[in-house]
*Asks:* 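Let me begin by handing over the structure; questions about it come next.
Below, chain A is the first sequence line, B the second, and so on; all start at residue 1. All values below were derived from every heavy atom in this structure, side-chain atoms included, with hydrogens, water molecules and symmetry-related copies excluded.
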Amino acid sequence: MSVNRELAKVFEKFATILEISGANAFKINAHIKVARVIEDLVEDIAAVEDLSSLPGVGKSSIAKIKEYLKTGEIKELGVLLDSIPAGLLDLMQVQGLGPKTVRRLWQEMNVVDIPTLKEAIADGRLESMPRMGMKTISNIADSLAFLEVASKRTRIGDAMPIAEMIIDTLLAIQGVSKIEFAGSLRRGKDTIGDIDILATTTKPELLAQSFCTFEGVIKVLVRGDTKCAVRLVCGMQVDLRIVEENAFGAALMYFTGSKEHNIMVRELAIKQNMKLNEYGLFDSTETCVASKTERSLYENLGLQYIPPEIREGKQELALEETPKLIQLKDILSDLHDHTIASDGHLTIVELAEEAKKRGFHTIAVTDHSQSSVQANGLSPERLVQHISEIKKANEEISGINILAGSEVDIHSDGRLDYEDDLLAQLDIVVASPHSALKQDSSKATARLLKAIEHPLVHIIGHPTGRVIGKRPGLDPDMPTLFAAAAACNTAMEINANSWRLDLRDTQVHAAIDAGALISINTDAHAACDFDQLRYGILTARRGWLTPEKCINCFSFDHLRAWLARSC
DNA sequence: GCCGTTTTCGGCCCGACTGTTTTCAGTCG
């Protein structure tokens with residue numbers, strides 16, 4: 001685990017213990033904010049010279065960070081940890097249990113962890129607690145059972161189709177006029193906690209009823225007049241909010257978040273003597289100034305419209321001009337794709353036809369190199385043969401340019417998997433790490449740096465090799481890599497596959513800041529993989545990418561000239 | 001604990017729903 005992630009966890013732990021201890025809520029929030037800032041930091045926290053330049057990080061947090069970096073622990077946290085049973089932290093993960101209840105369970109019922117909570121439920125002790133009725137106990141038992149089987153977050157590639165399916169179905173219900181998803185899904189995060197859906201309808205009862213009895217619903221968690229929440233058989237929670245049509249924009253903005261963005265915008269409203277909530281923007285006389293559209297709300301606050309993907313409570317309000325973020329339609333080529341020559345399911349021709357359907361002017365055939373034995377990587381001899389087949393297909397098929405390329409393995413020491421004279425025969429070289437993905441940070445940095453600086457490499461494919469929820473991948477010093485990528489004119493990939501989304505959003509932002517170019521590719525192995533491009537676009541937008549910084553948006557002539565560039 | 005273009009002290013976003021009460025605390029987002 002990277003030190004940033006470790007330290008972020010430490011601050012999260014701090015916050016949770018403070019909560020249980022009944023500390024000041026703002027102090028708790030301050031710790032959560034520090035955790036988030038550290039987690040989102042692209043550079044190593046140890047390399048940050050002026051910690052006070054980080055927003056939300058004050059004197060006390062700086063001392064804690066320095067102590068942790070020096071000694072690997074924070075004494076104050078140790079003291080706090082000794083003051084409560086460690087298992088209480090697990091209890092805080094149970095849905096419906098908050099700090100107050102956890103504290104009461106501990107002090108009044110001697111419940112110190114999940115096993116003792118289960119015992120207390122089983123032997124009926126819990127029923128003797130004040131304000132602890134059968135329904136509450138049953139809900140706790142249900143949450144405990146759910147906690148054991150459910151993973152915490154869902155990849156966007158799984159959540160998005162579910163949300164779209166629910167929306168399509170609900171839209172057909174009588175009275176429903178408008179329906180959209182909000183939350184982290186609308187902001188395009190790589191993983192989603194739960195799905196938030198907003199709707200307007202003339203028949204709220206019918207909509208709520210249809211939603212709560214939707215196929216796949218296994219439990220109704222909340223059933224109110226304007227808010228319903230259900231759990232699906234796949235484990236995901238879906239919230240439905242029924243709002244007035246006139247307030248749809250305000251509600252959409254509110255439920256899209258992020259929480260941090262909302263707080264910033266609300267504070268701005270207060271400064272202007274106004275109030276913002278999910279019903280609208282109100283002036284000092286409680287008159288509604290704006291509510292129907294998000295745009296009208298931002299504009300009445302003196303802001304430009306802020307796209308959902310960058311509403312993360314960072315610098316988005318300070319912008320003089322909102323960047324024209326990249327869109328799906330800006331993508332004109334896919335430069336990292338596989339065929340049946342290695343582990344893909346399409347022939348060269350089928351791949352090219354599919355790319356044509358998507359409106360691309362160029363597709364690159366980049367099958368695996370020889371070391372990727374598990375993926376049927378091509379020997380040098382097979383690659384030579386493959387190049388001639390690609391060139392032949394390029395001549396035969398009109399309406400699309402097919403580039404002969406390779407996804408060449410970057411060995412653990414940074415060497416590439418083919419000799420230079422073979423690589424020089426290719427139109428495009430994507431260099432990617434596939435093995436030794438647990439090597440330490442300094443080795444990973446040296447390894448990727450060597451590939452970035454290699455004059456025949458155009459793109460670094462899925463730079464960390466992470467697989468979301470399964471393996472963290474490499475943890476190189478990203479600022480060093482991005483500076484080199486900018487200097488060498490090597491593009492860094494956003495692999496659009498929703499298992500990868502590698503680079504991730506914060507890294508894309510840092511890469512662009514460093515002056516590096518980005519390439520968004522589907523890494524398609526089958527026709528349906530092209531549909532994953534939208535997740536790459538969302539990640540790119542979260543990283544504030546504009547089309548001119550993305551080589552896939554170049555015209556064919558521009559791309560050809562760029563590919564011929566010297567390092 | 002953090003922060004400051006009215007504040008270095010006194011603020012810090014705000015409402016819905018549930019379960020248990022009988023007017024509201026706790027949790028969630």
*Asks:* In whole Å, measure the gap between the C1' atoms of dT18(B) and dT23(B) for me.
*Replies:* 15 Å

*Asks:* What is the separation between atom CD1 on Ile263(A) and atom P on dC13(B), rounded to the nearest whole Å?
*Replies:* 5 Å

*Asks:* In a table with atom names and distances, give each donor-acceptor pair under 3.5 Å that connects a side chain of residues 214-232 of chain A to protein atoms at least two apart or in another chain.
*Replies:*
from, atom 1, to, atom 2, distance (Å)
Arg223(A), NH2, Gln209(A), OE1, 3.0
Arg231(A), NH1, Asp142(A), OD2, 3.2

*Asks:* Distance check needed: dC12(B) C1' versus Ile28(A) CD1, whole Å only.
*Replies:* 13 Å

*Asks:* If we take the P atom in both dC13(B) and dC3(B), what is their distance in whole Å?
*Replies:* 14 Å

*Asks:* For the residue pair Arg542(A) and Arg187(A), what are the closest heavy atoms and their distance?
*Replies:* NH1-O, 3.0 Å

*Asks:* When you compare the protein's N or O atoms with those of nucleotides 3-9 of chain B, which come within less than 3.5 Å of each other, and at what distance?
*Replies:*
from, atom 1, to, atom 2, distance (Å)
dC3(B), OP1, Gly56(A), N, 2.8

*Asks:* Given atom CE of Met253(A) and atom P of dG15(B), what is their separation to the nearest angstrom?
*Replies:* 15 Å

*Asks:* Picking from dG19(B), dT18(B), dG1(B), which would you name as closest to the side chain of Thr136(A)?
*Replies:* dG19(B)

*Asks:* Would Glu299(A) and Gln304(A) count as having a side-chain donor-acceptor pair, cut-off 3.5 Å?
*Replies:* no

*Asks:* Could you tell me how far apart Leu240(A) (CG) and dC17(B) (C1') are, to the nearest whole angstrom?
*Replies:* 14 Å

*Asks:* What is the distance, rounded to the nearest whole Å, between atom CD1 of Ile32(A) and atom C1' of dC12(B)?
*Replies:* 14 Å

*Asks:* The side chain of Lys135(A) lies closest to which of these nucleotides: dC12(B), dT18(B), dT20(B)?
*Replies:* dT20(B)

*Asks:* Taking syn as within 90° of 0 and anti otherwise, name the glycosidic form of dT7(B).
*Replies:* syn

*Asks:* Between dG10(B) and dG15(B), how far apart are the two P atoms, rounded to whole Å?
*Replies:* 26 Å

*Asks:* Let me know the distance between CD1 of Ile137(A) and C1' of dT20(B), rounded to the nearest Å.
*Replies:* 12 Å

*Asks:* Quick one: on DNA chain B, does Pro130(A) or Arg266(A) contact a more 5' nucleotide (nearest heavy atom)?
*Replies:* Arg266(A)

*Asks:* Hey, is the side chain of Asn277(A) poking within less than 4.0 Å of OP1 or OP2 on dG15(B), counting only N and O atoms?
*Replies:* yes

*Asks:* With 3.5 Å as the limit, what N/O pairs link the protein to nucleotides 25-29 of chain B?
*Replies:*
from, atom 1, to, atom 2, distance (Å)
dG26(B), O3', Thr101(A), OG1, 3.1
dT27(B), OP1, Gly98(A), N, 2.6
dT27(B), OP1, Gly98(A), O, 3.0
dT27(B), OP1, Thr101(A), N, 3.0
dT27(B), OP1, Thr101(A), OG1, 2.4
dT27(B), OP2, Lys100(A), N, 3.3
dT27(B), O5', Gly98(A), N, 3.4
dC28(B), OP1, Gly96(A), N, 2.6
dG29(B), N2, Tyr254(A), OH, 2.4

*Asks:* Is Glu312(A) reaching over with its side chain to a backbone N or O of His261(A), donor-acceptor style, under 3.5 angstrom?
*Replies:* no

*Asks:* In whole Å, what separates the C1' atom of dC2(B) from that of dT8(B)?
*Replies:* 12 Å

*Asks:* Work out how far the P atom of dT27(B) is from that of dT21(B), and round it to whole angstrom.
*Replies:* 16 Å

*Asks:* Quick one: closest heavy-atom pair of Ile74(A) and Tyr68(A), and the distance?
*Replies:* CG1-CB, 3.9 Å

*Asks:* Mind checking who dT8(B) pairs with, Watson-Crick or G-U wobble, both distances under 3.5 Å?
*Replies:* none

*Asks:* Have a look at Met264(A) and say if it touches a base, only the backbone sugar-phosphate, or nothing, with a 4.0 Å heavy-atom cut-off.
*Replies:* nothing

*Asks:* Using the C1' atom as the reference point in each nucleotide, state the distance between dT20(B) and dG26(B) in Å, no decimals.
*Replies:* 11 Å

*Asks:* Name the closest nucleotide to the Lys275(A) side chain, picking from dC17(B), dG19(B), dC14(B).
*Replies:* dC14(B)

*Asks:* Counting only side-chain heavy atoms from C-beta out, which of dG1(B), dC17(B), dT20(B) sits nearest to Lys27(A)?
*Replies:* dG1(B)

*Asks:* Do the side-chain N or O atoms of Tyr279(A) get closer than 4.0 angstrom to the phosphate oxygens (OP1, OP2) of dC13(B)?
*Replies:* no

*Asks:* If only side-chain N and O atoms count, and only distance matters, is there a donor-acceptor pair under 3.5 Å linking Thr116(A) with Asp113(A)?
*Replies:* yes

*Asks:* Taking atom C1' of dG11(B) as reference, at what distance in whole Å does atom CD1 of Ile270(A) sit?
*Replies:* 10 Å

*Asks:* What's the CG-P distance between Leu126(A) and dG19(B), to the nearest Å?
*Replies:* 15 Å

*Asks:* Distance-only criterion, 3.5 Å: show the donor-acceptor pairs between side-chain atoms of residues 82-89 of chain A and protein atoms not counting sequence neighbours.
*Replies:*
from, atom 1, to, atom 2, distance (Å)
Ser83(A), OG, Leu80(A), O, 2.5

*Asks:* Just checking, is any N or O donor in the side chain of Gln507(A) or Asp505(A) under 3.5 Å from an acceptor N or O on the other one?
*Replies:* no

*Asks:* Listing request: all side-chain hydrogen bond (donor to acceptor under 3.5 Å, both in side chains) pairs with a residue in residues 38-52 of chain A, at least two apart in sequence or in separate chains.
*Replies:* Arg5(A)-Glu39(A), Asp40(A)-Lys314(A), Asp50(A)-Ser52(A)

*Asks:* Could you work out the separation of dG11(B) and dC17(B) based on their C1' atoms and round it to a whole Å?
*Replies:* 28 Å

*Asks:* Any chance NZ of Lys178(A) has more than 12 other-residue heavy atoms, nucleotides or ligands included, within less than 6.0 Å?
*Replies:* yes

*Asks:* So, is Asn139(A) near the phosphate of dG19(B), with a side-chain N or O under 4.0 Å from OP1 or OP2?
*Replies:* yes

*Asks:* With sequence neighbours excluded, tell me which residues meet salt bridge (charged side-chain N to carboxylate O under 4.0 Å, His left out) with Glu260(A).
*Replies:* Arg36(A)

